[in-house]
Amino acid sequence: MNKITGSKAVIKSLLKEKVDTIFGYPGGAIMPIYDSLYGYKNEINHVLVRHEQGAIHAAQGYARSGNKCGVVFATSGPGATNLITGLADAMIDSTPVVCITGQVHSSLLGTDAFQETDVIGISMPVTKWNIQITNAKDIPFAIAKAFYIANSGRPGPVLIDITKDAQFDEIEFSYSYCNRIRSYKPTPKMDYSLIKNASEIINIASKPLLLIGQGIILSQAEGELLKFVNKSGIPVASTLLGLGSFPNKHPNYVGYLGMHGNYAPNIMTNECDVLIAIGMRFDDRVTGNTAQYAKQAKVIHVDIDKSELNKIIPAEVAIHADAKKALSELIKLTNTQNHSNWIGKFKILEKQEYQQVIKNSIMPESGMIKMAEVINFLSKKNDKNTVIITDVGQHQMITSRYYKYNHSKSNITSGGLGTMGFALPAAIGAKLAAQKKNVIAIIGDGGFQMNIQELGTIMQSKVDVKVIILNNNFLGMVRQWQEMFFDKRYSFTDIQNPNFIKIAEGYGIKGKTIKSRDDLNNGIETMLKSKGSFILEVICEHEENVFPMVKTGSSVSEIILK
């Protein structure tokens with residue numbers, strides 16, 4: 001058997017895992033791996049980002065859009081530490097990413113050598129698994145194990161740190177796929193008696209409410225969910241990351257949950273008699289004050305991650321299971337029912353929200369353009385081939401409220417960590433994974449500048465990404481809180497912005513700025529019809545607020561409309 005270097009073993013192992021795209025940035029400690037990659041340009045597309053944080057966010061977008069594992073290369077020291085924010089984001093949002101970092105020679109470990117950091121210690125809290133390799137023979141198995149862990153059970157990020165001498169050393173290469181690790185049980189054995197208990201509770205419920213999260217998408221349970229809802233007649237509300245897993249146009253869909261979610265599902269959470277949560281984790285933005293959350297309801301919670309069960313909200317029936325498998329069994333045992341009278345109560349509150357909030361937001365009679373009307377215009381052009389990427393802030397909440405998500409994997413955003421700067425690189429990755437889809441990134445003027453350098457990646461890699469910058473010259477979400485809770489003391493939230501369109505032109509990207517709502521429809525049409533990337537900057541109302549809102553520490557039933 002011919003011997004190959006550890007660095008070449010990395011590439012050959014990735015090819016065995018059918019990796020066709022890598023996002024990365026070269027440096028001294030990972031140079032041997034990049035040298036080996038040079039000979040595989042036809043097999044693997046390497047996307048040269050402009051910052052390592054851009055690499056991991058692009059890998060996240062790639063993973064979530066294409067149902068694949070994202071792969072990242074970075075060098076030691078600052079290269080590796082620049083991945084930490086993205087690792088934390090991927091960890092909390094359950095995104096499978098494999099990061100491979102170079103490290104100094106093993107003889108220099110612990111000596112504070114040039115560009116040495118303890119990336120294993122730093123990344124341990126924000127990875128599902130990590131390992132440092134100092135011997136080339138360990139590379140193939142570590143990579144096989146990494147992909148298995150990243151993709152199985154509740155997905156997540158892993159990191160492999162490889163010393164420079166391990167990259168140079170030679171080994172006899174062989175590769176075996178990993179499909180089992182002792183003590184790691186990613187696929188739970190479902191307790192069918194709990195499914196029966198849950199179905200009995202559901203069948204006698206008069207006011208049930210179903211809460212769905214990203215677990216539906218990760219388990220590919222969209223079809224089972226639709227069958228379950230059509231049979232049971234239960235109203236459905238979605239978390240931020242669950243948007244798209246159930247069509248917004250379905251008559252049983254009652255809205256978006258959370259701090260800036262829809263009025264009806266938040267209010268009715270404290271009115272229902274059975275609360276069924278599937279593939280969601282009851283995070284604080286959904287629950288509000290947990291001491292006052294759904295106390296009247298029997299809670300049924302389904303999650304593949306056992307640690308999420310009974311962690312925040314105690315469950316009457318806690319089912320440790322994959323969402324697809326659990327729903328498949330619930331369908332069999334659930335009675336065919338009609339909850340139209342109960343759903344009608346949601347519709348009454350929905351009309352109240354429309355009259356007091358939505359109508360003026362999407363059809364203002366005067367003043368500057370509102371973010372909501374931009375999203376409303378865009379949503380009317382929605383089709384199954386569109387993927388919306390949002391950054392973090394007011395525009396994210398407004399897009400989640402006003403864009404109609406009717407197709408799975410059409411919504412990619414930073415949820416649990418709330419990472420500004422996520423959207424632009426994530427859109428690059430999403431487009432590369434789903435090249436036949438239209439990828440549109442919606443970004444605030446603050447978040448856009450956090451990874452604005454990735455316009456260079458779009459230019460060099462010729463990625464067709466459309467970008468809408470909702471520019472209100474504020475760090476809008478923080479400003480809203482300062483207005484409401486700090487007597488309008490706008491402490492360093494007003495932001496002076498550059499000429500975004502001229503910057504785009506410098507990268508060879510077409511763009512346009514609109515300030516009048518008379519130009520809004522034409523501007524969006526121009527962007528959508530443009531060949532190649534396009535940036536549409538919309539100058540918006542400076543002090544627009546996002547309502548409804550559940551104030552921090554308040555109950556979801558105390559949600560305010562203005």
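Residue indices begin at 1 and follow the sequence shown. Model, not experiment: these values are computed from the prediction.
- The salt bridge (Lys or Arg N to Asp or Glu O under 4.0 Å) contacts involving residues 524-536 comprise Lys381-Glu525, Glu525-Lys529, where partners must be two or more places apart or lie in separate chains.
- Using a distance-only test at 3.5 Å, with no hydrogens or angles considered, a donor-acceptor pair links the side chain of Ser533 to the main chain of Val463.
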* Test side chain to side chain contact (heavy atoms under 4.5 Å, CB included) on Val392 and Met477 and set out the steps. => CA-CA 9 Å; Val392 172; Met477 189 60 82; over 6 Å; no
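- Side-chain N or O atoms of Ser410 include none that pairs as donor or acceptor with a backbone N or O of Thr386 at under 3.5 Å.
- Here the side chain of Gln480 pairs a donor or acceptor atom with the backbone of Val546 at under 3.5 angstrom.
- Side-chain contact between Tyr490 and Glu543 is present, with at least one heavy-atom pair separated by less than 4.5 Å.
- Under the 3.5 Å distance criterion, the side-chain polar atoms of Asn451 are left unmatched by any main-chain donor or acceptor of Leu424.
- Ile503 has its side chain within reach of Pro498: a pair of non-hydrogen atoms, C-beta onward, lies under 4.5 Å apart.
- Side-chain contact, Thr269 with Asn266: no donor N or O sits under 3.5 Å from an acceptor N or O.
- Within 6.0 Å of NZ on Lys551 lie no more than 12 heavy atoms contributed by other residues, nucleotides or ligands.
- Of the inter-residue distances, the one linking Ile22 atom CD1 with Leu14 atom CG reads 5.0 Å to the nearest 0.5 angstrom.
- Side-chain contact check for Asn472 and Glu544: no donor-acceptor pair (N or O, by modelled atom type) lies under 3.5 Å.
- Side-chain atoms of Glu224 do not come within 3.5 Å of backbone N or O of Ile216 as any donor-acceptor pair.
- The shortest non-hydrogen separation linking Pro548 to Leu561 is CG-CD2, 3.7 Å.
- Counting all heavy atoms, side chain and backbone alike, Ile278 lies closest to Ala323 at CG2-CB, 3.8 Å.
- When the shell of 6.0 Å around CZ of Phe486 is examined, it contains 12 or fewer heavy atoms from other residues, nucleotides or ligands.
- Under the 3.5 Å distance criterion, with hydrogens and angles disregarded, no donor-acceptor pair is assigned to the side chains of Gln115 and Thr75.
- A heavy-atom distance below 4.5 Å is found between the side chains of Ile535 and Leu455.
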Residues 40-50 side chain polar contacts: donor-acceptor under 3.5 Å, at least two apart:
{"residue": "His46", "atom": "NE2", "partner": "Tyr34", "partner atom": "OH", "Å": "2.8"}
{"residue": "Arg50", "atom": "NH1", "partner": "Leu48", "partner atom": "O", "Å": "2.8"}
{"residue": "Arg50", "atom": "NH2", "partner": "Gly456", "partner atom": "O", "Å": "2.9"}
{"residue": "Arg50", "atom": "NH2", "partner": "Gln460", "partner atom": "OE1", "Å": "2.8"}

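- Between Pro96 and Ala150, the shortest heavy-atom distance links the atoms CB-O, 3.3 Å.
- Using the six-membered ring where Trp is involved, Trp481 and Phe485 have ring planes that are perpendicular, over 60° apart on the 30 and 60° scheme.
- With Asn471 contributing its side chain and Asp445 its backbone, the two residues share no donor-acceptor pair below 3.5 Å.
- Separating the OG1 atom in Thr127 from the CE atom in Met91 is a distance of 6.5 Å, to the nearest 0.5 Å.
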Could you go step by step and tell me if Val374 and Leu536 meet the side chain to side chain contact (heavy atoms under 4.5 Å, CB included) rule? CA-CA 11 Å; Val374 180; Leu536 180 67; 6.0 Å; no
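- Between Ile160 and Ala146, the closest heavy-atom pair is CD1-CB, 3.7 Å.
- If you check the side chains of Lys437 and Ser65, you find no donor sitting under 3.5 Å from an acceptor.
- Scanning all heavy atoms of the two residues, the minimum distance from Ala80 to Val119 falls at CB-CG2, 3.6 Å.
- Taking 4.5 Å as the limit, some side-chain heavy atom of His250 sits within range of a side-chain heavy atom of Leu226.
- In this structure the side chain of Glu541 never reaches within 4.5 angstrom of the side chain of Pro364, judged on heavy atoms.
- If you run side-chain contact (heavy atoms from CB on, under 4.5 Å) between Lys512 and each of Asn522, Ile501, Val538, only Asn522 comes through.
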Evaluate Leu210 against Asn252 for side chain to side chain contact (heavy atoms under 4.5 Å, CB included), listing each step before the verdict. CA-CA 10 Å; Leu210 176 59; Asn252 287 49; over 6 Å; no
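- When side chains are defined from C-beta on, Ile358 counts as touching Arg401, because their heavy atoms get closer than 4.5 Å.
- Within 6.0 Å of NZ in Lys510 there are more than 12 heavy atoms belonging to other residues, nucleotides or ligands.
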For residues 55-63, run the donor-acceptor check on the side chains, cut-off 3.5 Å, and write out each pair with its distance to 0.1 Å, sequence neighbours left out.
{"residue": "His57", "atom": "ND1", "partner": "Gln60", "partner atom": "OE1", "Å": "2.8"}
{"residue": "His57", "atom": "NE2", "partner": "Gln53", "partner atom": "NE2", "Å": "3.0"}
{"residue": "Gln60", "atom": "NE2", "partner": "Asp89", "partner atom": "OD1", "Å": "2.8"}
{"residue": "Tyr62", "atom": "OH", "partner": "Asp20", "partner atom": "OD1", "Å": "2.6"}

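- Taking CE from Met397 and CE from Met549, the interatomic distance works out to 11.0 Å, rounded to the nearest 0.5 Å.
- Under the 3.5 Å distance criterion, the side-chain polar atoms of Asn151 are matched with a main-chain donor or acceptor of Phe147.
- None of Arg64, Gln214, Arg154, Lys128 except one satisfies the side-chain hydrogen bond (donor to acceptor under 3.5 Å, both in side chains) rule with Ser94; the exception is Arg154.
- Listed for the Ser414 side chain is no donor-acceptor partner under 3.5 Å among the backbone atoms of Leu417.
- Between the CE atom of Met31 and the CG atom of Leu37 there is a distance of 13.5 Å, given to the nearest 0.5 Å.
- Residues Ile469 and Asn497 fail the side-chain proximity criterion, which asks for heavy atoms closer than 4.5 Å.
- Closest approach of Met527 and Val467 over heavy atoms only: SD-O, 4.1 Å.
- Lys466 contributes a side-chain N or O that, together with a main-chain N or O of Gly532, makes up a donor-acceptor pair within less than 3.5 Å.
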(Q) Show, in sequence, the C-alpha distance, side-chain angles and deciding distance for Ile33 and Ile11, and conclude whether the side chain to side chain contact (heavy atoms under 4.5 Å, CB included) test is met. (A) CA-CA 8 Å; Ile33 291 176; Ile11 307 303; 4.1 Å; yes
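- Here the CG atom belonging to Leu159 is positioned 10.5 Å from the CE atom belonging to Met124, to the nearest 0.5 angstrom.
- Between Ser461 and Ile428, every side-chain heavy-atom pair lies at or beyond the 4.5 Å cut-off.
- Pairs engaging residues 413-428 under the salt bridge (Lys or Arg N to Asp or Glu O under 4.0 Å) rule: none recorded [sequence neighbours left out].
- Among residues at least two apart or in separate chains, side chain to side chain donor-acceptor pair (under 3.5 Å) pairs with a member in residues 254-265 are Asn262-Glu353.
- Screening residues 517-548 for ring pair (Phe, Tyr, Trp, His ring centres under 6.0 Å) gives no qualifying pairs among residues at least two apart or on separate chains.
- Taking CD1 of Ile389 as the reference point, atom CD1 of Ile443 lies at 9.5 Å (rounded to 0.5 Å).
- A salt bridge does not link Lys462 to Asp464: none of the charged nitrogens lies less than 4.0 Å from a carboxylate oxygen.
- Not one N or O on the side chain of Thr493 forms a donor-acceptor pair closer than 3.5 Å with the backbone of Phe474.
- Between the side chains of Thr513 and Glu537, at least one donor N or O sits under 3.5 Å from an acceptor N or O.
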